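Worth saying up front: this structure is predicted, and the values here are computed from it rather than measured. Counting from 1, the numbers follow the sequence of the chain as shown.
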Amino acid sequence: VTNNGLNAAEISMGMAGISRHTVRCFPRGTEGSYQVNVEIKVGCNGLVDNVYTIGAGAVPGHVTSCIEQVLSYASFPAHAVPDGQSFQYPLKFSF
């Protein structure tokens with residue numbers, strides 16, 4: 001159990017395992033470059049409690065909802081932050 005929350009390496013590792021699946025949320029034939037900024041809250045058990053899109057530019061709502069759903073399956077090391085730990089994470093897409 002990480003005593004004082006997740007560090008950058010643990011966040012990157014947890015996100016690397018799941019973020020590659022988010023590209024499937026974009027419709028076939030999508031072109032261009034996009035950034036979706038999310039905020040993720042991770043409970044003490046290392047499981048995701050909530051995912052919120054905090055900025056998505058021109059990315060449609062149905063795509064950001066799909067991204068949130070995919071990211072909800074991410075897993076992180078257990079930690080000891082009582083109410084969970086939140087962090088923001090930028091996802092970049094180029095087609």
Could you check whether any side-chain heavy atom of [X] comes within less than 4.5 Å of a side-chain heavy atom of [Y], counting everything from C-beta outward?
X	Y	answer
K41	Q85	no
S12	E10	no
V42	D49	no
L71	M15	yes
V70	C25	yes
T53	V36	yes

Looking at [X] and [Y], what are the two nearest heavy atoms and their distance?
X	Y	value
T64	A56	CG2-CB, 3.5 Å
A74	G14	CB-O, 4.2 Å
S72	Q69	OG-O, 2.6 Å

Notebook entry, point to check: What pairs meet the ring pair (Phe, Tyr, Trp, His ring centres under 6.0 Å) rule with one or both residues in residues 48-78, with sequence neighbours excluded?
Noted result: F76-F87

Notebook entry, point to check: Does M13 belong to the same Ile/Leu/Val/Met/Phe/Trp/Tyr cluster as I40, with side-chain heavy atoms less than 4.5 Å apart forming each link?
Noted result: no

Check: In the single-linkage hydrophobic clustering (I, L, V, M, F, W, Y; side-chain heavy atoms under 4.5 Å), do I11 and I54 co-cluster?
Finding: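 Different clusters: I11 never reaches I54 through Ile, Leu, Val, Met, Phe, Trp or Tyr contacts under 4.5 Å.
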
Next item on the list: Report the residues that fulfil side chain to side chain contact (heavy atoms under 4.5 Å, CB included) with T30, sequence neighbours left out, ordered by chain and then residue number.
Entry: F26, P27, Y34, F95

Item checked: Distance (rounded to the nearest 0.5 Å) between I18 CD1 and S75 OG ->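 If I round to the nearest 0.5 Å, the distance is 8.0 Å.
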
Check: Atom CG of N45 and atom NE2 of H79: how far apart are they, to the nearest 0.5 Å?
Finding: 7.5 Å

Check: Does a sphere of radius 6.0 Å around CD in Q35 hold more than 12 heavy atoms from other residues, nucleotides or ligands, not counting ones at 6.0 Å or beyond?
Finding: yes

Check: Ignoring hydrogens and geometry, is there a side-chain-to-backbone donor-acceptor pair from H21 to I67 under 3.5 Å?
Finding: no

